[in-house]
Amino acid sequence: MHDLLCEEWASYGVFYKYQPIDLVRKYFGEKIGLYFAWLGVYTQMLIPASIVGIIVFLYGCATVDENIPSMEMCDQRNNITMCPLCDRTCSYWKMSSACATARASHLFDNPATVFFSVFMALWAATFMEHWKRKQMRLNYRWDLTGFEEEEDHPRAEYEAKVLEKSLRREYKHKETDKEKLTWKDRFPAYFTNFVGILFMVGLTFAIVFGVIIYRISTAAALAISSTPSGRSSVRVTVTATAVIINLVVIIILDEVYGCIARWLTQIEVPKTDKNFEERLIFKAFLLKFVNAYTPIFYVAFFKGRFVGRPGDYVYIFHSFRMEECAPGGCLMELCIQLSIIMLGKQLIQNNLFEIGIPKMKKFIRYMKLKRRRSLDHEEHVKKKQRYEVDYNLEPFAGLTPEYMEMIIQFGFVTLFVASFPLAPLFALLNNIIEIRLDAKKFVTELRRPVAVRAKDIGIWYNILRGIGKLAVIINAFVISFTSDFIPRLVYLYMYSENGTMHGFVNHTLSSFNVSDFQAGTAPNDPMDLGYEVQICRYKDYREPPWSENKYDISKDFWAVLAARLAFVIVFQNLVMFMSDFVDWIIPDIPKDISQQIHKEKVLMVEVFMREEQGKLQMLETWKDKDTKKGENCNSHSPRLSKSHSGSLSSCHSYPVDV
């Protein structure tokens with residue numbers, strides 16, 4: 001079976017074939033079989049999501065030349081002069097210099113992305129229901145419908161801790177009652193867990209904050225040294241380098257957090273292996289979720305929100321000015337951040353961690369074993385047994401790393417899909433390779449694990465459902481607050497004079513009188529554009545300098561904010577209702593399986609009733625025999641002698657014979 005799995009499963013040449021799940025289950029057990037079945041279902045469900053994502057992206061490409069806001073930003077005749085992006089060293093700049101960014105933003109920030117967000121929310125609900133049905137089929141096929149998990153035996157560490165407590169109690173109070181660990185015994189471990197997790201989350205935030213400082217300082221430095229033509233690419237350069245730094249930090253901290261989560265779980269001393277695994281999964285997922293998504297959350301919801309305005313900017317450490325979004329919005333930068341982290345994480349972890357490191361460990365073990373081995377010629381000539389060959393392989397460390405990798409990817413596909421419609425496509429391409437990579441690893445690189453029976457994928461299903469619900473809320477806020485979808489709708493239906501998007505860019509920009517700059521913040525070279533600037537523009541909804549309440553928040557801001565909050569409420573409730581409707585309308589058990597189970601139950605009842613009827617008939621037969629023998633005995637003459645008493649007693653001896 002090992003060679004058959006190598007040929008038909010653990011080979012990249014059979015990527016287009018279905019997995020032999022039944023063979024996998026026979027060789028590795030139900031628990032590993034369910035993992036690969038789930039991975040196969042997830043990969044299949046990514047196909048329709050990828051097709052729709054490609055269509056949405058192509059729609060953006062087809063309509064980019066018809067997008068009026070980006071055309072207005074690229075039109076040099078508008079002569080819109082923007083305020084400096086940093087103090088002193090940065091000068092005024094033309095909005096038309098951000099033309100490429102504005103056109104690229106439309107590829108992902110268009111009305112089709114709203115439809116795609118709704119589609120992906122329904123896709124997530126459909127995927128969960130489809131997996132439940134597939135799981136039920138496998139349970140029926142593998143005879144797991146009546147399987148109940150037995151209570152796990154206590155772990156050796158738990159028993160040792162209880163024994164230590166019992167000996168202490170017996171020494172002090174001379175009591176020998178059965179002991180168990182209470183919350184008081186575990187309080188130091190719980191406190192250490194709480195403090196440790198808070199510290200790790202704080203460390204992640206501190207690293208993200210450090211990358212923000214790097215972006216601000218690097219942008220200012222490049223603005224000084226770059227040529228006029230190179231200044232237009234400063235934002236893209238800073239974004240790309242900062243994302244690569246984030247990627248390297250995320251990959252390193254992923255491994256560190258995995259080890260820390262295991263140590264924190266060990267000091268808790270869970271009672272059973274199941275409790276240990278669930279607590280480990282929860283801690284590892286929490287830390288890795290924060291590690292992977294904190295930089296993306298910053299760009300999506302915090303960047304450009306607390307900037308201030310020209311003449312009254314917000315500063316970090318009184319030196320660094322907070323970052324601003326590009327004139328086209330932060331959605332393009334969010335797309336760059338998401339794509340680089342997602343693709344880099346998959347490529348590096350797959351190629352380095354899942355292929356390179358196991359092979360390196362295997363080679364080190366082989367060299368150590370070769371040194372210890374005796375130089376006896378017979379030992380080298382003798383053919384090795386299978387268990388001797390397997391000893392050189394990497395020990396099986398559980399399915400948690402495999403599930404964790406796919407769950408984080410599922411988050412990339414669903415949580416911020418409004419900003420990156422091609423995420424399902426890249427996930428699909430990765431998973432096609434991932435299935436065969438994991439198969440090859442299990443068959444050739446790892447020691448064969450002990451087969452474990454299981455009915456489902458455990459706590460991972462609840463995590464998937466939680467991510468699916470969270471995705472609806474996050475995508476609602478991304479569309480509403482990160483993209484310009486809502487401001488465009490508000491302008492189109494409230495402020496547009498001719499019912500088109502002409503004038504939208506000018507409507508979103510506020511004016512600033514350069515004489516109102518704070519001392520020491522005005523550009524060092526105010527004539528950099530070749531003319532004197534008196535009024536510069538910045539993206540915000542504020543009153544103009546010639547107004548009575550100059551630079552105050554305008555009524556347009558409150559109108560857009562109300563529309564954004566209304567959209568979040570409507571979108572969230574509508575999509576949640578549609579997801580619950582999909583969940584309700586699709587039965588958890590396939591109809592043919594439920595009919596088959598019902599038929600088997602009816603047959604079992606019939607067999608049971610038949611047996612009961614047979615027993616009842618047998619009892620009635622015995623009763624009839626008893627009655628007849630009793631009548632025969634009573635029909636004897638009372639003049640029977642005592643010598644016949646033996647035969648008389650024999651009339652009532654049939655129970656013994658029966």
Side-chain angles (χ1 to χ4, degrees), residues 1 4-5 8-9 17-46 123-153 272-275 277-278 281 396 398-400 402-404 406-407 410 431 434-435 438-439 442-443 448-468 579-580 582-608:
M1 187 179 290
L4 183 61
L5 286 174
E8 298 297 328
W9 184 48
K17 293 184 179 180
Y18 285 103
Q19 299 182 84
I21 294 297
D22 292 327
L23 283 179
V24 176
R25 172 245 178 179
K26 286 181 181 178
Y27 192 75
F28 291 107
E30 284 81 1
K31 192 170 185 178
I32 295 177
L34 281 174
Y35 163 71
F36 281 102
W38 173 83
L39 184 56
V41 170
Y42 172 47
T43 305
Q44 289 175 4
M45 289 294 293
L46 283 172
W123 173 87
T126 307
F127 162 61
M128 300 304 296
E129 292 303 310
H130 181 48
W131 166 243
K132 282 196 290 188
R133 291 167 65 84
K134 177 69 174 179
Q135 186 174 258
M136 193 62 202
R137 286 188 182 277
L138 293 176
N139 284 343
Y140 179 76
R141 191 194 308 169
W142 295 346
D143 195 24
L144 295 171
T145 51
F147 171 71
E148 296 293 338
E149 293 185 4
E150 299 178 358
E151 186 177 355
D152 291 343
H153 296 290
T272 63
D273 288 331
K274 184 178 179 181
N275 291 339
E277 185 179 14
E278 289 181 350
I281 289 171
F396 177 65
L399 289 171
T400 299
E402 313 300 331
Y403 273 115
M404 188 69 68
M406 290 295 105
I407 295 296
F410 182 77
N431 287 5
E434 179 74 20
I435 291 176
D438 284 348
F442 272 80
V443 174
R448 184 178 176 183
V450 178
V452 178
R453 301 197 80 191
K455 290 183 66 174
D456 49 40
I457 60 175
I459 193 175
W460 296 110
Y461 180 81
N462 297 328
I463 293 176
L464 284 169
R465 284 189 66 88
I467 292 177
S579 300
D580 292 340
V582 170
D583 191 2
W584 172 76
I585 202 172
I586 300 177
D588 294 346
I589 304 176
K591 189 175 181 180
D592 56 334
I593 299 295
S594 61
Q595 289 176 348
Q596 193 67 24
I597 293 175
H598 177 70
K599 193 180 297 184
E600 290 179 359
K601 287 182 179 179
V602 171
L603 289 175
M604 288 179 63
V605 170
E606 289 180 357
V607 170
F608 178 75

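The figures that follow rest on heavy atoms only: side chains count, while hydrogens, waters and symmetry mates do not. Please read all numbers here as calculations on a predicted model, not as lab measurements.
Partners of W460 under the ring-ring contact (aromatic ring centres under 6.0 Å, His included) rule, at least two apart in sequence or in another chain, are Y403. Taking the salt bridge (charged side-chain N to carboxylate O under 4.0 Å, His left out) definition, one finds that R25 meets it with E30, sequence neighbours left out. Residues that satisfy the salt bridge (charged side-chain N to carboxylate O under 4.0 Å, His left out) test with R448, not counting sequence neighbours, are absent from this structure. Under the side chain to side chain contact (heavy atoms under 4.5 Å, CB included) criterion, K601 pairs with I597, not counting sequence neighbours. Under the rule for a side chain to side chain donor-acceptor pair (under 3.5 Å), the partners of D592 that lie at least two apart in sequence or sit in another chain are R137. In this view, E8 satisfies the side chain to side chain donor-acceptor pair (under 3.5 Å) rule with no residue, not counting sequence neighbours. For F396, the ring-ring contact (aromatic ring centres under 6.0 Å, His included) partners at least two apart in sequence or on another chain are F442. By the side chain to side chain contact (heavy atoms under 4.5 Å, CB included) test, I435 is found to be paired with Q19, L39, T43, residues two or more places apart in sequence or in another chain being considered. A search for salt bridge (charged side-chain N to carboxylate O under 4.0 Å, His left out) contacts involving D143 returns nothing, not counting sequence neighbours. Scored by the side chain to side chain contact (heavy atoms under 4.5 Å, CB included) test, E277 finds K31, I281, T400 as partners (sequence neighbours excluded). With sequence neighbours excluded, the residues forming a side chain to side chain contact (heavy atoms under 4.5 Å, CB included) with Q595 are K591, listed by chain and number.
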For the pair W142 and L34, evaluate side chain to side chain contact (heavy atoms under 4.5 Å, CB included) and give the outcome as yes or no after the intermediate values.
CA-CA 11 Å; W142 295 346; L34 281 174; 4.1 Å; yes
Residues Y140, E600; criterion side chain to side chain donor-acceptor pair (under 3.5 Å); working and verdict:
CA-CA 12 Å; Y140 179 76; E600 290 179 359; 2.6 Å; yes
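Ring pair Y42/W38: centre-to-centre distance below 6.0 Å. Aromatic ring centroids of W9 and F36 lie under 6.0 Å apart.
Between the CD atom in E278 and the OG1 atom in T272 there is a gap of 8.0 Å [rounded to 0.5 Å]. Here the straight-line distance linking atom CG of D456 with atom CG of N139 works out to 7.5 Å at 0.5 Å rounding. Rounded to the nearest 0.5 Å, atoms CD1 (I32) and CD1 (I21) are 11.5 Å apart. Going from atom CE of M406 over to atom CG of L464 covers 11.5 Å, rounded to the nearest 0.5 Å. Note that CD1 of I586 is 5.0 Å distant from OG1 of T126, once rounded to the nearest 0.5 Å.
A heavy-atom distance below 4.5 Å is not found between the side chains of F410 and I463. Here the side chains of M128 and Y461 are in contact, with some heavy-atom distance below 4.5 Å. Side chains of V450 and F28 form no contact here, defined as non-hydrogen atoms less than 4.5 Å apart. By the 4.5 Å heavy-atom criterion applied to side chains, K455 and Q135 are not counted as neighbours. Considering only heavy atoms from C-beta on, Y27 stays 4.5 Å or farther from V443 through its side chain.
The two residues A451 and G29 have their closest heavy-atom pair at CB-CA, 3.7 Å. Nearest approach of L5 to P20, heavy atoms of both residues: CD2-CG, 4.5 Å.
Applying salt bridge (charged side-chain N to carboxylate O under 4.0 Å, His left out) to D588 and the options K132, K134, R133 leaves one that passes, K132.
For residues 459-468, the set of pairs meeting the salt bridge (charged side-chain N to carboxylate O under 4.0 Å, His left out) definition, not counting sequence neighbours, comprises R465-D583.
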